[in-house]
Amino acid sequence: MNIITRISEELSISEKRISSAIGLMDEGSTVPFIARYRKEVTGGLTDTELRSIEERLSYLRKLQERMDTVIASIEEQGKMSDELRILIDNAKTLTELEDIYRPYKPKKKTRASIAKEKGLEPLAKYIRKGRKYPDFSAYLSSFINIDKGVATEEDALKGASDIIAEEISDNAEYRKYARDYIYGTGYIVSKEIEKDEKDTYHNYADYKEKIKFIPPHRILAINRGEAEKCLKVKLDYSTENIHKKIAYNYTYKNDFASFLDDCIEDAMDRLILPSVENEVRNELTEKAEDSSIITFKKNLKSLLLVPPLKGKTILGFDPGFRTGCKYALVNKNGIPEEVGVFNITAASNAEIERARRDILFLLRKHKIDYIALGNGTASRESEAELSKIIKDNNLDVKIFIVNESGASVYSASPLGEAEFPNLSVEKRSAISLARRLQDPLNELVKIEPKAMGVGQYQHDMNQKKLEEALHGVVEDSVNSVGVNLNNATPSILNYVSGINKTLAANIYAYLKENGEFKSRSELKNVAKLGPKAFEQCAGFLRIYGGIEPLDTTSIHPESYKEAKSILKKTGIDILKDSLDVKEDKLSRFDVNAFRVETGIGESTLQDIIEEIKIPGRDIREDVEVVELNNDVKDIKDLKVGMVLNGTVRNIMDFGMFVDINVHQDGLVHISELSKTFVKSIIDLYSIGDVVKVKVISVDVAKKRIGLSIKQLD
């Protein structure tokens, strides 16, 4: 198998570019590093393209490894032929490979193997040839052997039937035909056998849909219902054509046609169809998981790249009833200065009044810019109180509802305990909420990606595949933004190109022991950080106020010589000159002459010039934070027909959830997005998008809100 050719054909990328990318990966280069600093080598492959190459490379190498094992096994049996080798080499999937290998695969004891031990294989071959000679009865009797367990002619025929059934089952062509036929014509059927408390699976209580048309989210929902023993699931299809396909090669002009028909039925019922049905279900699940992961990845990237509120003082507010509302004042640098509890919800009038005074004092004293209010229990009541304090005292403070998903996971984790060992879990959560608003990326990397609440059925799918995919998204996001080295935690360092958990801990320990890094080159003093790790990570780590101005940029140290030459030729002061001044000076810079002089690549040179113009630019600054300002604050106040502003919080295959500031996200079903057909929601919207929606249904008891975009005038 030529892996490079296969990936090239699958992804429509030239073999040369694929080969170059794989070569760099095998040398230990990461996707972010290759995408940013090796554009000339790969022809400018993006991080998305490189991730696809990486995923296919991993799968095909596993397939090749299995091919080698299969070939060795068949050769050892002395059964390898040129035709068989070609079949194996052309197998596209592990399933296809296993079908080819099935007849040669060493088997545990089966009914067929037992029959062969009884000496019944010649009888099976005789029947397969299809000529019943006059002496057949005598021939059949010759197989009776009480010592071997063949007491009657019926026993002999039963053994021969088992041998033929297994032979039919081992035929790769029949299995493929059955699999394709079921997938193309069959239905998936579910029946409710038990209701859960919320009647979650009422839509699937009596459900039937064509297998080839069922969308991914319904597959995952049915799987979960089956796993929870609420649903009984089966595949419904006709077996007639499958039988005909096999019978064409077995019963035509055969004197034992009726007997062979029974063998075919046995092979189908006992050996082929149960196995193939499992394969179809597994394939459906795998495709559904892949689709869900694609959506999850895009959602996660949108969430991680929400713009930060730099230089703002934030009050994190974790609402609650019984234990009060925990708060954390976080300064402009993300450092918590004051942490405590306000009894402003379930408390006596005197306590509530005191809490109001304390909150007002805190807001005025520290000139708080924003309140990051968690969307959990008592959120609505807390917002009402906070809004009244702000309005009555004419304060310039904005309240933002922050999704709490994963905050408790971080707060109760060893990481949260290590960061704030003297605080309770709830108070750590208040700090995390404030930081989520202040710098989402820096805070969210502390949380397991699948706990962030932006996926669908993430706990029901292949966890290893999901974690690998999501780790790649976080890694790409962190490196595309860059990391302030002197302000970095081990959590975010762990996602920097070339840095693992050990190196992240060593960098953090070095920082604590020696104070701030003065230059990128000082990274070479960190324990176990060798030349390869330095090459991979240096360009993504920024140092502000150090001895080397270029350390504030994403220009890699390997290109400092060329960058300094450009600065010298143009007379630019990279940190002091304005953008207008830089562009004026660069307009007189001869790019082509410089390329000839230095041999530098065109893409690398262009990236250096862009960084010189705006050193250390944060790509997230292109997005604007928008406040919703809806007057409606509770689901009970919603009326059908209302038009409101909302923020997209989560996107699924079947629709997207929108926060309209009533502490319960509404659903815009995919059918309510547009008057034209929508194939993929994530091609139209991203998490964080502000949209205008119309309320089309409200169920207060079940806390369900139906929204529409297409019904807006």
Side-chain angles (χ1 to χ4, degrees), residues 31-33 35-36 46-48 51 296-314 316 330-334 369-370 372 398 400-403 405-407 410 432-447 449 452-454 470-489 491-497 537 539-544 551-555 579 607 610-628 647-651 659 682 685-691:
V31 165
F33 177 81
R36 174 72 190 182
T46 65
D47 55 355
T48 303
R51 290 289 176 198
F296 202 154
K297 285 163 65 175
K298 290 193 176 183
N299 286 347
L300 179 59
K301 189 166 188 175
S302 298
L303 182 65
L304 292 172
L305 296 181
V306 167
L309 292 172
K310 293 180 180 177
K312 303 296 182 182
T313 302
I314 312 286
V330 176
N331 69 19
K332 296 176 180 179
N333 297 316
D369 299 297
Y370 296 94
K398 294 182 175 67
F400 280 99
I401 307 298
V402 178
N403 193 333
S405 294
Y410 155 73
S432 182
L433 290 174
R435 286 177 166 178
R436 281 188 181 202
L437 191 58
Q438 193 174 54
D439 191 346
L441 179 60
N442 203 42
E443 190 62 23
L444 290 174
V445 293
K446 301 174 184 176
I447 302 165
M452 293 185 196
V454 291
L470 297 186
H471 181 93
V473 174
V474 181
E475 184 180 40
D476 291 342
S477 299
V478 167
N479 288 286
S480 66
V481 171
V483 173
N484 182 345
L485 180 56
N486 289 321
N487 195 30
T489 62
S491 303
I492 199 164
L493 286 170
N494 184 43
Y495 286 104
V496 173
S497 168
C537 75
F540 302 105
L541 295 170
R542 314 280 173 77
I543 297 173
Y544 300 95
D551 286 348
T552 65
T553 74
S554 64
I555 299 172
L579 177 59
D607 287 343
E610 289 303 314
E611 278 297 311
I612 287 174
K613 288 180 182 178
I614 310 176
R617 173 179 170 270
D618 191 333
I619 62 169
R620 298 171 296 174
E621 291 174 347
D622 291 339
V623 189
E624 185 179 351
V625 177
V626 180
E627 194 176 12
L628 297 181
T647 303
V648 178
R649 293 298 183 202
N650 197 5
I651 296 175
D659 174 12
I682 51 178
Y685 296 97
S686 299
I687 285 181
D689 284 353
V690 174
V691 294

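Note that the structure is a prediction, hence the values are computed from the model and not measured.
Not counting sequence neighbours, the partners of Lys301 by the salt bridge (charged side-chain N to carboxylate O under 4.0 Å, His left out) test are Asp47. Evaluation of the salt bridge (charged side-chain N to carboxylate O under 4.0 Å, His left out) rule for Lys332 yields no partner, not counting sequence neighbours. Residues satisfying the salt bridge (charged side-chain N to carboxylate O under 4.0 Å, His left out) criterion with Asp689, sequence neighbours excluded, are absent altogether. Among residues two or more places apart in sequence or in another chain, the salt bridge (charged side-chain N to carboxylate O under 4.0 Å, His left out) test is passed with Asp607 by Lys39. In terms of the side chain to side chain donor-acceptor pair (under 3.5 Å) criterion, residue partners of Arg36 (sequence neighbours excluded) are, by chain and number, Ser554. Residues satisfying the side chain to side chain donor-acceptor pair (under 3.5 Å) test with Asn479, not counting sequence neighbours, are none.
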> Can you list the steps and then say if Val481 with Arg620 is a side chain to side chain contact (heavy atoms under 4.5 Å, CB included)?
Replying inline: CA-CA 7 Å; Val481 171; Arg620 298 171 296 174; 3.7 Å; yes
>> Let's go through Ile314 and Leu433 carefully: what are the C-alpha distance in whole Å and the side-chain angles of both, what is the deciding distance for side chain to side chain contact (heavy atoms under 4.5 Å, CB included) to 0.1 Å, and is it a yes or a no?
In response: CA-CA 9 Å; Ile314 312 286; Leu433 290 174; over 6 Å; no
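Between Phe296 and Pro449, the closest heavy-atom pair is CZ-O, 3.8 Å. When all heavy atoms of Asn331 and Asn333 are compared, the pair lying nearest together is OD1-N, 2.8 Å. Considering all non-hydrogen atoms of both residues, Arg436 and Asn403 come closest at NH1-O, 2.6 Å. In plain terms, the two heavy atoms of Pro32 and Arg51 that are nearest each other are CD-NH2, 3.9 Å. Nearest heavy-atom pair, Leu493 versus Leu541, reported as atom, atom and distance to 0.1 Å: CD2-CD2, 3.9 Å. Taking each heavy atom of Pro308 and Asp439 in turn, the nearest pair found is CB-CA, 4.0 Å.
Here the straight-line distance linking atom OG of Ser477 with atom CD1 of Ile619 works out to 7.5 Å at 0.5 Å rounding. Annotation: the span from Leu303 atom CG to Ile651 atom CD1 amounts to 11.0 Å, rounded to 0.5 Å. How far NZ of Lys446 is from CG of Asn494: 13.5 Å, rounded to the nearest 0.5 Å. Separating the CG atom in Leu300 from the NE2 atom in His471 is a distance of 12.0 Å, to the nearest 0.5 Å. Note that the CD1 atom of Ile543 and the CG atom of Leu485 stand 5.0 Å from one another [nearest 0.5 Å]. Here the CG-CG distance, from Leu309 to Asp369, works out to 8.5 Å after rounding to the nearest 0.5 Å.
Counting heavy atoms from C-beta outward, Leu470 and Lys297 have side chains that approach closer than 4.5 Å. Considering only heavy atoms from C-beta on, Ser686 stays 4.5 Å or farther from Lys298 through its side chain.
Taking a cutoff of 4.0 Å between a charged side-chain nitrogen and a carboxylate oxygen, Asp618 and Arg542 do not qualify as a salt bridge.
Counting only distance, with no hydrogens or angles, the side chain of Glu475 and the backbone of Val496 share no donor-acceptor pair below 3.5 Å. For the pair Glu443 (side chain) and Leu437 (backbone), a donor-acceptor distance under 3.5 Å is absent.
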